[in-house]
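Comments concern the structure below.
Below, chains carry the letters A, B, ... as their sequence lines are ordered, and counting in each starts from 1.
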Amino acid sequence: MLDINLLRTDLENVAARLASRKFILDVEAFSALENERKQLQTSTQDLQAKRNASSKLIGQAKAKGEDVSAIMADVANLGDELKAAETALASLQDKINDMLFAMPNLPHESVPVGKDETENEEVLRWGTPRVFDFEIKDHVDLGGPLGLDFETGSKLSGARFTALKGGIARLHRALAQFMLDTHTSEHGYTEAYTPYLVNAASLMGTGQLPKFEEDLFKVNRPGAEPLYLIPTAEVSVTNFVRDTIVKAEELPLKFTAHTPCFRSEAGAYGHDVRGMIRQHQFDKVELVQIVHPDESLSTLEILTGHAEAILQKLELPYRKVNLCTGDMGFGAQKTYDLEVWLPAQNTYREISSCSSMGAFQARRMQARFKNEQGKNELVHTLNGSGLAVGRTLVAVLENYQNADGSITVPKALHAYMGGLTVLK
RNA sequence: GGAGAGGUGGCAGAGUGGUUGAAUGUACCUGACUCGAAAUCAGGCGUACUCGCGAGAGUAUCGGGGGUUCGAAUCCCCCUCUCUCCUCCA
């Protein structure tokens with residue numbers, strides 16, 4: 001959520017910056033609502049002050065045993081007028097809030113302006129795609145004989161669900177363990193385990209609600225508030241600090257968590273239907289940092305580096321992309337995507353997305369720290385995939401395939417595979 | 001799943017319809033006393049918002065939301081969390 005004061009004082013500029021990410025801010029509607037709000041709030045507060053004063057008088061008079069009917073008559077008509085004013089003000093404020101909650105974050109100045117992914121800026125390439133001297137297969141054909149079982153997945157749950165068995169399941173687990181261990185022991189993150197079902201307030205906090213409810217799996221409960229399956233551990237972990245005030249010296253907070261992620265992929269009909277690139281359920285090792293506002297952009301570089309380290313240790317070629325304004329996610333101020341080389345697709349595919357959210361989430365969550373002046377100030381939040389486990393599995397299968405269809409286990413994973421060095 | 005008790009300022013803890021934004025203690029800040037400190041005394045001390053150039057004034061806020069009332073921390077309803085007991089369970 002943007003700072004409403006910024007909208008009040010610098011509306012045109014905000015609108016221009018939001019336009020660069022394809023969000024049209026209705027400037028006229030917003031100022032009209034704001035003007036109306038200002039007036040109505042003042043008049044409502046005047047009425048409230050009047051009511052409070054009269055009620056106080058009634059109390060005083062009654063205490064002395066005096067007759068209060070005159071004062072009572074005086075405020076008799078106030079009630080309806082006040083109620084009407086309060087209702088109108090509340091609905092006005094709801095409208096303003098609805099606008100605010102629907103507004104994406106402002107892109108940072110270092111973000112290239114562009115309309116879509118074609119205008120993203122490649123920052124670097126790491127590694128050299130392997131040259132194969134045989135006809136390569138994609139992960140579906142490679143994985144099938146090794147335990148990658150789409151049929152069972154869809155029998156149990158439908159399209160976009162996958163079952164893993166045997167060596168593939170082991171490899172999947174090994175990847176997650178390896179990532180988690182690397183981030184905790186080499187990058188200084190605290191391991192976290194979180195609920196996979198969260199309430200609406202948490203999803204409001206990180207920005208998935210109210211705007212993207214159709215992307216989520218919702219669990220309705222009679223007589224209780226609904227819960228949602230997390231679309232990413234960013235939600236559960238970042239919300240650790242919702243409604244809290246942390247000490248300045250405790251920053252930065254660094255958490256990593258391995259969780260399943262659930263996405264309805266409502267808008268993705270027809271995309272990536274083959275294989276396990278796009279699933280309703282996938283595992284991810286997430287990185288989250290809660291930092292001092294001065295540190296967010298430098299931390300983004302560091303955090304992205306932590307995700308890159310995993311790809312480098314696995315010796316998977318990748319490139320780093322600075323997303324342009326038109327391609328960034330809703331809450332992001334700046335985002336680097338890491339794209340891994342997939343030989344069967346002959347292209348780089350997203351395997352990690354690392355973002356600085358600035359104060360966007362912190363404002364929604366009321367996540368603050370005590371600054372040097374002793375005042376409460378919003379923290380900044382960052383998150384990144386370190387990495388998406390399913391897609392990493394795909395990348396390992398395709399990049400480490402052999403002519404006979406077997407898969408060489410990357411060296412970094414040997415310690416996690418119980419002596420297995422080749423899957424066949 | 002069943003029954004009960006609770007949620008009040010940074011912390012502890014009063015308050016069950018009326019000059020209550022909320023006693024008291026404690027923590028913290030300022031001043032006095034002191035060579036200095038401790039102790040003591042005096043004063044201050046939440047957050048958000050609105051109006052105002054400003055001094056300042058006002059509104060909201062006692063887990064969250066709604067209701068009753070001229071007036072709600074206090075009464076009613078829904079949700080939520082914590083604790084205790086029973087039941088069940090990995």
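- Looking at the side chain of A/Glu225, the nearest of the listed nucleotides B/U80, B/C51, B/C49 is B/U80.
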Dot-bracket notation for RNA chain B, counting Watson-Crick and G-U pairs under 3.5 Å, with | for partners on another strand: ((((((((.[[[..)..(.....]]].(((((.......))))).((((((....)))))).[[[[[..)....]]]]])))))))....
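- Summary of the strand contacts: A/Ala49 and A/Arg8 both lie near RNA chain B, and taking for each the nucleotide with the nearest heavy atom, the more 5' one is attributed to A/Arg8.
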Heteroatom pairs (N/O) under 3.5 angstrom, protein to nucleotides 69-76 of chain B:
from  : atom 1 : to      : atom 2 : distance (Å)
B/C70 : O2'    : A/Ser55 : OG     : 3.1
B/G71 : O4'    : A/Ser55 : OG     : 3.0

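- Under the rule for a side-chain hydrogen bond (donor to acceptor under 3.5 Å, both in side chains), the partners of A/Lys165 that lie at least two apart in sequence or sit in another chain are A/Asp149.
- Using a 30° and 60° split on the angle between ring planes, A/Phe212 and A/Phe330 fall in the perpendicular class, above 60°.
- At B/U50, one or more side-chain N or O atoms of A/Arg37 fall inside 4.0 Å of OP1 or OP2 (strictly under the cut-off).
- Scored by the side-chain contact (heavy atoms from CB on, under 4.5 Å) test, A/Ser110 finds A/His108, A/Lys334 as partners (sequence neighbours excluded).
- Taking the side-chain contact (heavy atoms from CB on, under 4.5 Å) definition, one finds that A/Ile277 meets it with A/His139, A/Asp272, A/Leu342, A/Gln345, A/Arg349, A/Arg391, A/Val394, sequence neighbours left out.
- Interatomic distance, A/His306 NE2 to A/Leu387 CG, rounded to the nearest 0.5 Å: 13.0 Å.
- When each of A/Gln93 and A/Gln60 is assigned the nucleotide of RNA chain B bearing its nearest heavy atom, the one mapping closer to the 5' terminus is A/Gln60.
- Screening A/His280, A/Gln279, A/His172 against A/Thr162 for a side-chain hydrogen bond (donor to acceptor under 3.5 Å, both in side chains) leaves a single residue, A/Gln279.
- With B/U80, B/C51, B/C49 as the candidates, the nucleotide lying closest to the side chain of A/Ala224 is B/U80.
- Classification of A/Lys95 and A/Glu36 as a salt-bridged pair fails, no side-chain N sitting under 4.0 Å from a carboxylate O.
- Looking at residues two or more places apart in sequence or on another chain, you find a side-chain contact (heavy atoms from CB on, under 4.5 Å) between A/Glu86 and A/Thr44, A/Gln48, A/Arg51, A/Leu82.
- Atom C1' of nucleotide B/C51 and atom CD of A/Gln48 are separated by 14 Å, given to the nearest angstrom.
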